[in-house]
Every structure is written in C-alpha cells, then in structure tokens.
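A short worksheet on the structure shown next.
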4 protein chains.
Amino acid sequence: MPRSSESTQQQTATPEPGRGRTEKRDLILDAAITVFARQGYHGARVSDIAREAGIAYGLVYHYFKNKEEILSTIFDERWGGFLEAVETIAAGSAPASDRLLSVAALVLNGFQLRPDWVKVLVLEIQRSSRFSEPAQLRAVGRLLDAVERVVRDGQAAGEFRSDIDAGVATYLFMGALDFVITSLVLGVKRIEGGEQDQRAYHLTVAQGLLEIFLNGIAKEGGD
Amino acid sequence: MPRSSESTQQQTATPEPGRGRTEKRDLILDAAITVFARQGYHGARVSDIAREAGIAYGLVYHYFKNKEEILSTIFDERWGGFLEAVETIAAGSAPASDRLLSVAALVLNGFQLRPDWVKVLVLEIQRSSRFSEPAQLRAVGRLLDAVERVVRDGQAAGEFRSDIDAGVATYLFMGALDFVITSLVLGVKRIEGGEQDQRAYHLTVAQGLLEIFLNGIAKEGGD
Amino acid sequence: MPRSSESTQQQTATPEPGRGRTEKRDLILDAAITVFARQGYHGARVSDIAREAGIAYGLVYHYFKNKEEILSTIFDERWGGFLEAVETIAAGSAPASDRLLSVAALVLNGFQLRPDWVKVLVLEIQRSSRFSEPAQLRAVGRLLDAVERVVRDGQAAGEFRSDIDAGVATYLFMGALDFVITSLVLGVKRIEGGEQDQRAYHLTVAQGLLEIFLNGIAKEGGD
Amino acid sequence: MPRSSESTQQQTATPEPGRGRTEKRDLILDAAITVFARQGYHGARVSDIAREAGIAYGLVYHYFKNKEEILSTIFDERWGGFLEAVETIAAGSAPASDRLLSVAALVLNGFQLRPDWVKVLVLEIQRSSRFSEPAQLRAVGRLLDAVERVVRDGQAAGEFRSDIDAGVATYLFMGALDFVITSLVLGVKRIEGGEQDQRAYHLTVAQGLLEIFLNGIAKEGGD
DNA sequence: CATGAATGAGGCTTCATTCAT
DNA sequence: AATGAATGAAGCCTCATTCAT
C-alpha cells in the first residue's frame with residue numbers, strides 16, 4: 001500500500017513532453033493537496049484541482065474514479081510513506097527516548113517541509129468522518145501501535161516506568177504532537193521569523209514535549 | 001465506531017402547544033447536533049435537521065439565518081458553556097494538579113454524557129476551517145489560556161517546574177486530552193462493557209494522563 | 001413527420017393559483033410527453049421539460065426522483081389507462097369480431113386524439129430496452145392476453161376457426177395494428193387533408209385490417 | 001430476455017497480421033452490433049465497442065467518422081443485404097402466397113441465425129428517430145414496396161382478392177411479422193427447447209400467419 | 001495503422017434559500 | 001408561527017472526439 005512517491009516537479013501550465021503516466025497522476029495528486037489545503041475538501045472543485053495541475057478537468061477522471069478517490073489516494077500514498085518512516089524509527093535500536101524524539105522531529109519537520117501535505121492529512125483526512133473508514137482507522141492504529149511499541153521497549157529496558165499504561169502514555173505523546181501540529185496548521189500559534197527561526201522553534205517544542213513526557217512537570221521530589 | 005448518535009429527544013410531527021419560542025429553537029439545535037454528529041456538517045441537509053426536529057424545514061429559517069448560523073450557534077452556546085466551566089475550574093484555589101484533573105474529568109465525562117455534542121465540537125467545529133475564524137480561534141485560545149494559567153499558577157506556587165515553557169506544557173496536556181477524545185469519538189479505541197466500565201475507564205485514563213504529565217514516564221532517577 | 005407535437009395545454013409563466021399538488025405533477029408529465037415526442041427520451045433535457053411546463057427545473061425533482069422515473073410514470077399511468085380500456089372492451093359481450101374492431105378503433109383514435117402519448121408509448125417505451133423490464137413486459141403481456149381472450153371467445157362461440165393458434169392470430173392482429181400506428185407516428189404514410197379525412201382513413205384502415213383478419217386475402221374458394 | 005448477445009467472434013488483443021483493412025472494419029461493425037444489441041445505441045460507449053473488438057478506441061475513428069456513422073453503416077450494409085434478399089424473393093415467379101411464406105421464413109430464420117443483427121435493426125434502427133431520416137425511410141419503404149408488389153401480383157393473378165387495399169394488406173402482413181420478431185427479440189414470448197424446437201416453432205408461426213393472411217380467421221361461410 | 005492521453009461541452013442532480021399561503 | 005412548493009446556482013461526472021506519438 002505505501003507508495004511514497006516523492007514528486008519533485010513543480011507544475012507549470014506548459015506541457016512537459018518528458019512526463020509519463022505516473023508523473024501526470026502525481027501531478028494531479030500534488031495539485032489536489034495544494035487545493036485541499038487551501039480550500040478544504042468540500043470547498044475544492046475538481047476543476048480547481050485541474051486548473052492547479054494545468055490540465056483539463058476531464059483528465060482527472062482518467063486517473064481517479066471520482067473526487068473522493070483522490071482524497072483517499074492521498075491518504076494511502078502519503079500517509080503510507082509517513083507511516084513507514086515512523087515504523088522504521090520505531091523499529092530502531094536507539095534508546096526509546098531518542099526514538100520518540102526522532103518521531104517528534106519527523107512530524108514537526110514534515111510539517112515544515114510539506115505543510116500542505118500535513119494540513120490535508122490532519123484536517124481533511126484524519127479528522128474527517130472518512131477517517132472512520134476501516135482502512136484508514138487501521139492506518140492510524142498502526143501509527144499508534146508503532147509508538148506504543150517504543151514505549152513498551154522503554155519499559156522493558158528499564159528506561160520507562162512500568163507502572164504506567166503504555167497505551168495511555170502513547171495517547172499522551174501522540175496527542176500532544178498532534179495538537180501542536182494542528183495549532184501550527186491552523187495558525188493558532190504564529191511563528192515569526194525565517195526558516196531558521198522555525199526550525200529552532202520546532203526543535204524547542206519537540207524537546208519540551210519530550211522533557212515533560214519523560215520527567216513530568218512536577219517539581220522534583222514534589223507531588 | 002460507537003453508536004453515539006441516538007436522538008436524545010423523541011420529536012413527534014404533531015405540534016406540542018406548550019412549547020414556546022425558545023424551546024422550538026433548542027429543538028432545532030438539538031436536532032442539528034444529532035444530525036451533524038451522524039452525517040457531518042457538509043453531509044447534513046437542512047431538511048434532515050428539520051425532519052429530526054419534527055418540523056417543516058422552512059421553519060428553520062425563522063430561527064436561524066442559514067445553516068452556517070446553526071453550527072456557529074451550537075459552537076457559541078455549547079462550547080461557551082463548556083468554556084465557562086473550564087474557566088471556573090481554572091480560577092479555583094485548589095492545587096494546580098487537582099484543577100487539571102478536574103478539567104480532564106470534565107472533558108471525558110462530557111463525552112460520556114453528550115457524545116453527540118462533543119463529536120460535533122471536535123469534528124465539525126474545532127477542526128473545521130471555520131475554526132480559524134477569529135471568534136472561534138479566540139474561544140479555543142481562551143481555553144488554552146485558562147489551562148495555561150493553571151500551569152503558571154502551579155509554577156508560581158512551586159508545584160510545577162519552572163524550567164519548562166508553560167505554553168508547551170499546556171499544549172501537551174490539552175493535546176493529549178484532545179487525542180483521547182478524538183479516538184473515543186471516532187472509535188479508534190473501543191470500550192467494551194456497560195456504563196460503569198466506561199466511567200471507570202475514563203477515570204483511569206484521566207489519572208494516567210495526569211500522572212505522566214506530573215511525573216513523567218522516565219524511571220525515577222533515570223535520564 | 002406528422003405535426004403531432006401540439007401542446008395539449010398552453011402554459012403561461014404566470015402561476016395559476018387554482019392548481020394543486022396533483023395538477024402540477026400532471027403538468028410535468030404532459031410537458032414530458034410533449035418533449036419526449038418531439039426530441040426522444042435521450043434527446044430531451046430535464047430543463048426542456050421544465051421549460052415546456054413553465055416551471056423551474058429543480059421542481060421536477062420534487063415530483064420525480066429522476067428523469068427515468070418520469071418516463072416510467074408516463075408508462076404506468078398512461079399505458080395503464082389504455083390497458084384498462086382494452087380490457088373493458090375485451091370483457092364485453094359483443095361478438096368477437098366487433099370487439100376486435102373496437103380495439104382497433106380505440107388504438108387508432110387514441111393516436112388521433114393524443115398523438116404525442118401514442119408516440120412516446122410506441123417509440124420511447126414499448127420499443128426501448130426499458131421495455132424489457134419485467135413490469136413493462138408484463139403490461140404488454142396483459143394487452144396481448146386480453147386480445148387473445150377475445151380470439152378464444154370467438155373460437156369457442158364458433159365465430160372463428162379453431163384450427164388456428166389463438167396466440168399466432170393475436171400476434172397477427174396486434175402486430176398489424178402496431179405497425180400501422182408506428183407508420184403513422186413516424187410519418188411513413190402521410191395523410192393529406194383535414195381531420196375528417198384522417199378519421200375516415202383510420203376507419204378504412206381498421207375495417208380493412210379486420211376484413212383480412214376475418215376472411216383472408218385469398219380469393220374465395222382459392223388456395 | 002433471451003441471452004442472444006454472445007459475441008460471435010472471439011477477438012484477441014494481439015494483432016493478427018493477416019487481417020487487412022476491410023477485416024478490421026468488419027471487426028468493428030460486428031463488435032458494434034454485439035454491443036448495441038446488449039446496451040442499446042445510446043447506452044453503448046465507443047470504448048465498449050472498441051473493447052469488444054479488441055482494439056484501441058481511437059482506431060474506431062480511422063474507419064468511421066463518428067459513432068452515428070457506425071450505426072448507419074450497420075443499417076446500410078446489413079439491412080441492405082436483407083433488403084436485397086427480400087426483393088429477390090419478391091421478384092420471383094412463384095405463387096404470391098409462396099413468396100410471402102419465403103419472406104416470413106427469411107425474417108424468422110434471420111432472427112434465429114443472427115439475433116443480434118435483428119435486434120439492432122429492430123430496436124435501434126427501425127424504431128429510432130433516425131428511422132425518419134430520408135435514406136432509411138426509403139429503405140423501409142422499399143421493403144414495404146417489395147411486399148406490396150407481391151400482393152398486387154397475387155391480385156393480378158387472381159390469387160388474392162382485389163377488393164382489399166394492397167397497402168393495408170401489406171401493413172397487416174409486415175406488421176404481424178414485425179411484431180412476432182419484436183416479441184422474440186424482447187423475450188415477451190419465450191421459447192423453450194433446443195434449436196430444433198425453435199426452428200419448428202418459427203415454421204409453425206410463419207405458416208399460421210400466412211394461413212390467416214390468406215384465408216382469415218372467420219369460420220368458412222361465416223361473416 | 002495504432003494507441004490512449006487529453007479535451008471540454010453538456011446534462012443530471014442536489015440542496016440552501018425564498019416566498020406565497 | 002408554520003408549511004412545503006418553488007427557485008436556480010453550483011458542481012460532479014460522462015463520454016464523444018481530437019491529437020501527439
């Protein structure tokens with residue numbers, strides 16, 4: 001399922017003769033991500049996507065059965081890639097806390113590199129009622145499973161406390177990450193400054209999250 | 001997905017003479033929540049809401065300017081009540097950690113009592129692009145502010161560590177809570193058993209979240 | 001092609017307050033018959049029907065699920081009436097040959113009075129592949145059955161020869177009638193002159209058909 | 001409905017080098033007949049025809065200007081052959097009644113041998129509004145003319161009564177035949193049994209039709 | 001000849017909203 | 001206050017046809 005295709009082309013309206021079948025398909029997917037991110041799934045017309053891709057809208061229906069299938073394809077292929085990356089990290093041999101930091105950094109950097117992808121995943125897919133379709137629930141479940149495995153690894157290795165439910169801890173960690181991303185996506189928290197500032201900010205946030213997750217906010221010896 | 005969409009009111013098509021203006025208005029709002037929870041905002045027709053409320057659909061426009069206003073009214077009135085409750089808790093004098101536990105319990109119990117309300121708030125309002133409208137951003141902001149104030153109180157009182165950014169901590173806490181709610185709403189995690197089991201489960205989750213939030217997952221003395 | 005498309009009602013854009021729900025529905029059906037007769041089912045746009053009926057095209061969908069349902073409703077209601085008339089004649093006590101003459105006259109007069117109805121029945125319904133749907137096949141079957149019963153009555157009464165298969169005779173009779181109607185509808189045979197001429201012509205044809213049907217074309221004593 | 005749409009040719013996607021221009025063209029026509037018979041003209045996509053023929057749909061436009069031309073070509077070439085056969089029979093020197101029997105047998109056997117051809121001719125060409133186009137009206141007219149000539153021959157030879165209008169008699173004869181065919185095509189009348197039974201049935205029907213046509217259904221000496 | 005990617009006009013249908021009663 | 005008939009803008013989708021390769 002995971003077909004993580006790095007489409008590296010920036011679409012122009014002028015036809016580029018060298019493109020093959022797959023590339024045109026990706027062109028449409030990229031355009032759809034851009035438009036979905038800008039207007040939302042329901043607010044996006046198929047013709048908007050086609051215009052963004054620089055093609056006739058009829059062509060969309062050569063590659064996708066309908067508008068819905070575009071969205072679910074984005075989910076399958078893009079989320080799939082992300083999921084693989086997370087699972088690779090999770091399966092690593094680094095200390096559990098380092099792996100969690102890597103996941104957090106992956107998520108936050110993902111947003112920085114491909115904000116539209118993340119925006120669509122977060123707003124239109126993950127939260128939509130479409131999200132409740134089995135295949136997609138399962139995909140989210142796999143993500144949670146991967147992280148939970150890291151937590152259990154940490155507990156087994158004596159790195160994490162064993163008196164805490166791994167599932168709850170996973171919820172806490174991923175929920176926090178998700179909330180940060182959503183806030184960034186929606187612009188609740190606006191970050192001023194250039195790319196360097198953003199990268200620095202993301203790192204700070206990731207480290208802050210992990211610090212609390214690891215050591216808690218209570219004063220040492222408190223509680 | 002948990003069957004959380006049962007109508008909480010059984011309307012009949014026969015007019016009930018005793019109802020006044022306000023009651024009919026609420027009837028529509030309740031019906032809208034039920035239908036939005038079931039079908040989503042975009043998937044809900046005005047006629048669906050009217051049928052659920054047992055009235056003619058033209059009548060909806062006596063009470064609300066348009067469909068959009070129904071949603072924002074739900075937001076204002078229902079979210080408003082929730083927000084006030086949270087702010088009341090936040091303004092209390094109990095220890096910061098107790099206040100956070102109360103907030104968590106409030107949220108989780110809210111889901112248990114009125115799953116449709118929470119579902120609509122979470123899926124259709126909070127996450128929608130409407131969320132980025134100033135009034136509603138402000139409302140979410142107020143919620144974050146209230147919780148952040150609790151965190152700062154805890155830091156000021158020496159209850160919480162001061163070397164952690166209060167904003168990040170707030171994100172972590174609310175994000176975790178939000179994620180749990182979303183998972184419950186979408187049925188990622190299914191809870192078997194009767195109402196007692198659910199209540200117990202919610203309490204366990206709330207306490208687990210707080211425990212990590214306070215003391216971290218790392219082994220004492222570890223790191 | 002015979003001018004068979006005169007609207008049976010002259011719609012105006014001004015609403016006629018006296019019309020009730022049923023009348024508006026019939027207005028649409030009548031308009032549809034006119035338009036289907038003129039342009040064929042596939043060539044008729046829903047907006048054409050609405051314009052012919054003097055209403056907004058959206059209103060069509062208050063009364064009918066879709067375009068297809070308009071056609072099948074025409075079939076059910078109009079063909080149903082015709083079928084009843086034929087069955088009434090068939091169940092009569094007149095000599096079989098008189099009853100057959102009455103059927104022929106009914107059919108031919110029906111064409112004269114409501115050419116559009118007949119045209120749609122003949123061209124768009126009876127012959128279409130839609131015709132092969134069970135309900136409609138059965139309806140045509142009922143027509144054949146009614147006529148076949150008359151033939152059998154005639155045989156039982158000693159009026160008709162018993163050495164001929166009643167089914168084949170029915171085919172012959174109805175087929176001939178049908179072919180005449182189709183030719184008239186399609187204008188293969190054009191009839192000059194006024195209404196009197198048409199009526200006279202139809203009578204001639206009906207009597208000619210019956211004469212052959214009864215006595216054959218072979219010279220007396222021939223064969 | 002009788003399953004009469006089995007492809008009579010099994011095309012493969014692999015090119016067959018031996019085929020020349022004409023063969024590929026016929027391949028398309030045969031495929032079109034199969035598809036038109038199955039789905040009707042309007043319900044048949046050009047791509048359906050191409051798939052049935054085992055070629056790319058673009059190639060259809062090398063052989064035919066458009067979809068419409070495919071249908072009219074079928075009409076011209078297939079109906080043309082049938083028309084010639086009928087005219088040959090009609091021009092013969094056999095007794096008129098024998099010639100009519102031959103025509104009836106030709107038609108009924110044609111259906112038996114090439115049900116799809118007849119189905120398309122009957123349903124899509126003859127009855128369509130296309131039928132009212134001059135060239136095609138003329139073709140049907142020629143058929144009627146040929147049969148009418150036989151009837152007149154019979155009258156001139158003293159074989160048929162002269163007091164009956166030859167046109168009406170022709171309508172009766174061809175209409176009956178047509179109706180039988182249509183019923184067979186649409187499956188109103190289902191014939192059980194093997195090929196032998198069908199052939200026998202067709203012969204019976206043809207003879208029955210002719211018997212009535214010649215001698216009438218009225219009891220000898222009756223009327 | 002052959003392919004099938006590309007085009008875009010055209011039509012059906014939905015549904016929020018208005019309005020006469 | 002209540003009804004639901006009426007309106008029509010908007011958008012999805014189909015599919016015949018063209019065209020570059």
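Throughout, a chain's letter reflects where its sequence line sits, starting with A, and its residues are numbered from 1.
Under a 4.0 Å N-O distance rule, the pair C:E52/C:R45 does not qualify as a salt bridge. With respect to B:D30 and B:R25, no salt bridge is recorded, no charged nitrogen being found less than 4.0 Å from a carboxylate O.
Taking side-chain N and O atoms only, C:Y63 has no distance below 4.0 Å to OP1 or OP2 of F:dA5. For the OP1/OP2 pair of F:dA6 and a distance below 4.0 Å, the side-chain nitrogens and oxygens of C:K24 include at least one atom meeting the criterion.
Note that the CG atom of D:L71 and the CD1 atom of D:I33 stand 10.0 Å from one another [nearest 0.5 Å]. The CG atom of B:L29 sits 13.0 Å away from the NZ atom of B:K24 when rounded to the nearest 0.5 Å. Annotation: the span from D:F36 atom CZ to D:D116 atom CG amounts to 12.0 Å, rounded to 0.5 Å. Note that CD1 of A:I70 and OH of A:Y63 are 12.5 Å apart. Values are rounded to the nearest 0.5 Å.
Taking the side chain to side chain contact (heavy atoms under 4.5 Å, CB included) definition, one finds that C:E69 meets it with C:F64, C:K65, C:N66, C:S72, C:T73, sequence neighbours left out.
Here the C1' atom of nucleotide F:dA16 and the CZ atom of D:F36 are 12 Å apart, to the nearest Å. Look at CD on C:Q39: it is 10 Å from P on E:dG11, rounded to the nearest Å. Straight-line distance from the CG atom of C:D26 to the P atom of F:dA5: 15 Å, rounded to whole Å. Following rounding to the nearest Å, C:R51 (CZ) and F:dT7 (P) show an atom-to-atom distance of 14 Å.
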Going 5' to 3' through nucleotides 14-19 of chain E and flagging B where a protein heavy-atom sits under 4.0 Å of the base, S where only the sugar-phosphate is that close, and - otherwise, we get BSSBB-
Per-residue pairing states of DNA chain E in dot-bracket (Watson-Crick or G-U under 3.5 Å; . unpaired, | other strand) read .||||||||||||||||||||
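With D:K67 contributing its side chain and D:Y41 its backbone, the two residues share a donor-acceptor pair below 3.5 Å.
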